[in-house]
Every structure is written in C-alpha cells, then in structure tokens.
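Worksheet: the structure to be examined is printed underneath.
Heavy atoms only: backbone and side chains are in, while hydrogens, waters and symmetry mates are out.
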Amino acid sequence: MDASISAVRHRIIVHSMVIVVRRITNDARDGIASGWTRGESSKPVAVAVSSGMKIDHPAATDARVEERAAVDAATFAAEVATSSTPIVLRGQVSHWASVRAGLDGDRAIAAYLAGLGNGGQPMEVLIGGPEFGGRFFYRGDQLEGFNFHREKASLGALLNELLRLSALPENARHILYANAATAPEHLPGWSAANPLDLPMGGAVPRLWIGNGTQTATHYDGSTNLACVVAGQRRFTLFPPDQVGNLYIGPLDRTLAGPPASMVDPLAPDFDRYPRYAEALGHALVADLGPGDAIFMPAIWWHHVQAFGTLNVLCNYWWSFDPTVSAFNAVVHALMAVRDRPAAEKAGWRAWFDHYVFGDDAAAAADHLPMAARGVLGPASDERTERLRNYLLKSLQRR
C-alpha cells in the first residue's frame, strides 16, 4: 500500500471517535459484553491460566523465571520487592474486575475499558502496517526512521479499531499499541475498580493496550510490576550485565524512551550479532496469562511479546524519578570521561570506585564534618536538589 494512502487510512481510523465511543459504550449498556456488565457474578474469580503455563510458540530458552503463587502485601515487601531477580506471581490480580471481563473475550474487555474511560484524555497510539509483524523498530539500514508512526486517539477509537481488526486475517491486520497510558489521565475509573493491594510507593498504574505487538528488548530504570489483564504475554529477560552482548541501539534516538537491543529475539542474526549467543545463555522466559504478574528489578533487559487480538497489561513503576537517572550519568560520562587518555580514565575509574561503586562509597566523606559534606552527604531531597543545581551550573559553563 502506498505510504501516503496508508497514512490517510490511519488518520481515518484513529479519529473516528464519536461513532466509536457510542458503539462500544452502548454495547456495554445493553449487556452485550457479558454477565458482569449486568451485575451478574456467574463468572468465577479464578486464575485464567495454570501454574507453569507455556505459550504455544517457540521460546528463546527453556530457562524459566522463578514462579510463586499470589502474595500478600507483607510478603511482597519482604520477599519480592527486595529480589534481585525477576519473579512471576501467578494469579496476583485474578480478582480484578478487568481480568474477569477479559475472560469473556475481546468484546467484553473493550466494553469494560470503555466504561472506565469516560472523561479520559486521548492517548498516544503507535501504528504499524501488517508487514512488520508487530515488531516496533527502526526503519532502514541506516536507522533513518521508525517502522511505525504515532497518532492521538480516544480510548473508544482504539478499542473499536482493535475489534474491527480482530476479524481480519492476521497477515492483514495493522498493529496498534497504546503504551504506558497513565490511568488517571486516560482511564479515570481504573484505579478504583482494579485496586492493587501491594506496597507500590504511590506508583501510578499505566495501561498497555493493543494486538499482536513486540516491544524490543529494553530496560526500565525503576522497579516494575507488570500485570496481565487480557491476552497472553511472553517476557524474555536478560540480567543487567548482558548489556555488552545485546548490541544496544542509539542512546539518544530511541523507539520509546530507553535504548533497545538491535537483535530480533524471534529471528536473531548471529552472523551480525555473534555475542547475542552468550546473552541467550543467561536469558529467562516467563509466559503470563490473565491475572498473572511479573516483578522485574530495575535495569533487567526484557523483550515483551503480546498474543491475541486485544490484549491489555497494567504496570507499575515505583521509585521512579526521571530527573534522577543513572542513565543520564552514563551519557554525561561519554562526554566527560570515555575519550580521555587511558591513564586519565584509570584515574577517574578510581574516583568512581571510591565515590560511587565501592562497598564503602557512602562513607567516603565520613572524615568531614556533617555540615561540610555538601553533595557528599547522605541521600535526601535537599541533597538531590543541591546536586541538580550544581550540575546545571556546571553544564551551562562555556
């Protein structure tokens, strides 16, 4: 299809808002979706998939993420949130009304979500053609662009188009993906209807809604709990120390936030990316169904594949402050440290070990009076602000 024609079609799709919202919400009002829309409770509250489930698609490895049954708040805080490795929590959110709605199919979850989106703001939707297989990625050998584009659309428009596409053959479907849509702004009724009784430190729930998508292997700078609402998801995870074997793409021109691996986990090119074979030796896989959750420590790399014609995930990033980013420190070090002579770099490595990475780094200024420690003092909001101001002034010098 001609690119300009395709673009026009996309705009028609995502801007057909009024008819869309009316159609979906009317379905919910008329009880077309399922029993729960009429106040019935015949659908059992249960985990939609069994422990140890596996999606019927080849996985990158047979090694699996540790699994356990749903936990309470105290256990989560003591045994899960402190873990340095991922953990699958089977059935953690199987009690959510949204999960129960999703068990009745695409039309039911669409009607349910539409009912929570009244008054919500339009969301950003990533749109790709049928030919790219759901893998949102760069375009061209020189990475001159992306193989998708972005549009603003109402929740109703997105849901209706996903329902329309679900009737088409898989090779004829456009791929749509609303990613990280914050619930308070886009689905105002979500949090009250689907509470998470775990200590999330005030994290905001974010919704990911689409069809057969792939999210390139990337990391999150903060701890993450991802909960599957509808459809199935496969997470392929790599420890943080595999960064050198994942062939990371551009740092300053990314697909959607953090940098991503250039390797396609579903079709790895080992001639071009030979060290990826080493990364696979450390990979873990988790297959999740409705009601399941996965805890991922910060900086774990993960590729996410969504299955189904309308899938929904809700995630929580906590300890999340984008203004205090270790990644930004790495980028600054590219300018300030990387290209210095070897002897100087060795000297600065000693500085980093002493003030940052050493086991006793927090005590590096213990020989100074507390009032004189300045930016070397213990972590606090005051110190963070002092450091920020210091860095801003230094970066503005010419």
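- With sequence neighbours left out, Arg383 forms a salt bridge (Lys or Arg N to Asp or Glu O under 4.0 Å) with no residue at all.
- Listed for the Trp300 side chain is a donor-acceptor partner under 3.5 Å among the backbone atoms of Ser84.
- The shortest side-chain heavy-atom distance between His332 and Leu395 falls under the 4.5 Å cut-off.
- Qualifying side chain to side chain contact (heavy atoms under 4.5 Å, CB included) partners for Ala63, counting only residues two or more places apart in sequence or in other chains: Thr61, Leu284.
- Screening residues 229-243 for salt bridge (Lys or Arg N to Asp or Glu O under 4.0 Å) gives Arg234-Asp287 as the qualifying pairs, with residues at least two apart or on separate chains.
- Residues Ala110 and Leu159 approach most closely at O-CD1, 3.4 Å, considering heavy atoms.
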**Request:** Might you work through the side chain to side chain contact (heavy atoms under 4.5 Å, CB included) test for Val331 and Asp252, ending with a clear yes or no?
**Result:** CA-CA 9 Å; Val331 173; Asp252 56 339; over 6 Å; no
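- Contacts of Arg253 classified as salt bridge (Lys or Arg N to Asp or Glu O under 4.0 Å), with partners at least two apart in sequence or in another chain: none.
- Closest of all the heavy-atom pairs between Thr213 and Leu176 is CG2-O, 3.8 Å.
- Leu310 CG to Asn211 CG: the interatomic distance, rounded to the nearest 0.5 Å, is 7.5 Å.
- Proximity of Phe238 to Thr217: side-chain heavy atoms (C-beta onward) are separated by under 4.5 Å at one or more points.
- Using a 4.5 Å heavy-atom threshold, the side chains of Glu170 and Arg173 count as touching.
- In this structure Arg340 satisfies the salt bridge (Lys or Arg N to Asp or Glu O under 4.0 Å) test together with Glu344, sequence neighbours excluded.
- For the residue pair Leu334 and Asp339, the shortest heavy atom distance occurs at O-OD2, 3.9 Å.
- Put simply, the side chain of Ile294 reaches to within 4.5 Å of the side chain of Leu237, judged on heavy atoms.
- Applying the 6.0 Å contact sphere to CD of Gln142 captures no more than 12 heavy atoms from other residues, nucleotides or ligands.
- For Phe132, the ring-ring contact (aromatic ring centres under 6.0 Å, His included) partners at least two apart in sequence or on another chain are Phe136.
- Checked by atom type and distance alone, the side chain of Asn245 never pairs as donor or acceptor with a backbone atom of Gln242 at under 3.5 Å.
- For an aromatic pair to be called close, the ring centres must be under 6.0 Å apart, and Phe146 with Phe137 fails this.
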Side chains of residues 349-372: which donor-acceptor pairs under 3.5 Å do they make with residues two or more places apart or in other chains?
residue : atom : partner : partner atom : Å
His367  : ND1  : Ala364  : O            : 3.3

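- Applying the ring pair (Phe, Tyr, Trp, His ring centres under 6.0 Å) test to every pair with at least one member in residues 210-234, sequence neighbours left out, gives these pairs: His218-His302, Tyr219-Trp301.
- Remark: Glu79 pairs with Arg68, Thr75 by the side chain to side chain contact (heavy atoms under 4.5 Å, CB included) rule, at least two apart or across chains.
- The shortest heavy-atom contact between Leu288 and Arg90 is CA-NH1, 3.9 Å.
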**Asked** Is there a side chain to side chain contact (heavy atoms under 4.5 Å, CB included) between Arg272 and Tyr247 once you walk through the steps?
**Response** CA-CA 10 Å; Arg272 189 172 185 179; Tyr247 297 90; over 6 Å; no
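- Both Val263 and Val243 belong to a single network of hydrophobic side chains, linked directly or stepwise wherever heavy atoms of I, L, V, M, F, W or Y lie under 4.5 Å apart.
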**Message:** Run the side chain to side chain contact (heavy atoms under 4.5 Å, CB included) test on Glu124 and Asn179 for me, step by step, so that the C-alpha distance in whole Å, both residues' side-chain angles and the decisive distance to 0.1 Å come before the verdict.
**Reply:** CA-CA 7 Å; Glu124 182 180 83; Asn179 63 330; 4.3 Å; yes
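- Across all non-hydrogen atoms, the minimal contact from Leu207 to Ala183 is CD2-CB, 4.1 Å.
- For Tyr390, the OH atom sits in a loose shell: 12 or fewer heavy atoms of surrounding residues, nucleotides or ligands are nearer than 6.0 Å.
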Check residues 186-194 and write down every donor-acceptor pair under 3.5 Å in which the side-chain atom is one partner and the other belongs to a residue at least two apart or another chain.
residue : atom : partner : partner atom : Å
His186  : ND1  : Gln121  : O            : 2.9
His186  : ND1  : Pro122  : O            : 3.3
Asn194  : OD1  : Ala97   : N            : 3.4
Asn194  : OD1  : Ser98   : N            : 3.0
Asn194  : OD1  : Ser98   : OG           : 2.8
Asn194  : ND2  : Tyr112  : OH           : 3.1
Asn194  : ND2  : Trp190  : O            : 3.4

**Audit row: Asp269, Tyr276, side chain to side chain contact (heavy atoms under 4.5 Å, CB included) steps and yes/no** = CA-CA 9 Å; Asp269 184 343; Tyr276 185 69; over 6 Å; no
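- Of all heavy-atom pairs spanning Tyr316 and Pro205, the tightest one is CE2-CB, 3.6 Å.
- Residue Asp381 places its CG atom among 12 or fewer non-hydrogen atoms of other residues, nucleotides or ligands, all under 6.0 Å distant.
- For the pair Leu143/Pro250, a side-chain contact is recorded, criterion being any heavy-atom separation below 4.5 Å from C-beta on.
- For Ala180, the side chain to side chain contact (heavy atoms under 4.5 Å, CB included) criterion is met by Arg206, Trp208, Trp317, not counting sequence neighbours.
- With sequence neighbours left out, the salt bridge (Lys or Arg N to Asp or Glu O under 4.0 Å) criterion links Arg275 to no other residue.
- Within a 6.0 Å radius of CD in Glu382, other residues, nucleotides and ligands contribute 12 heavy atoms or fewer.
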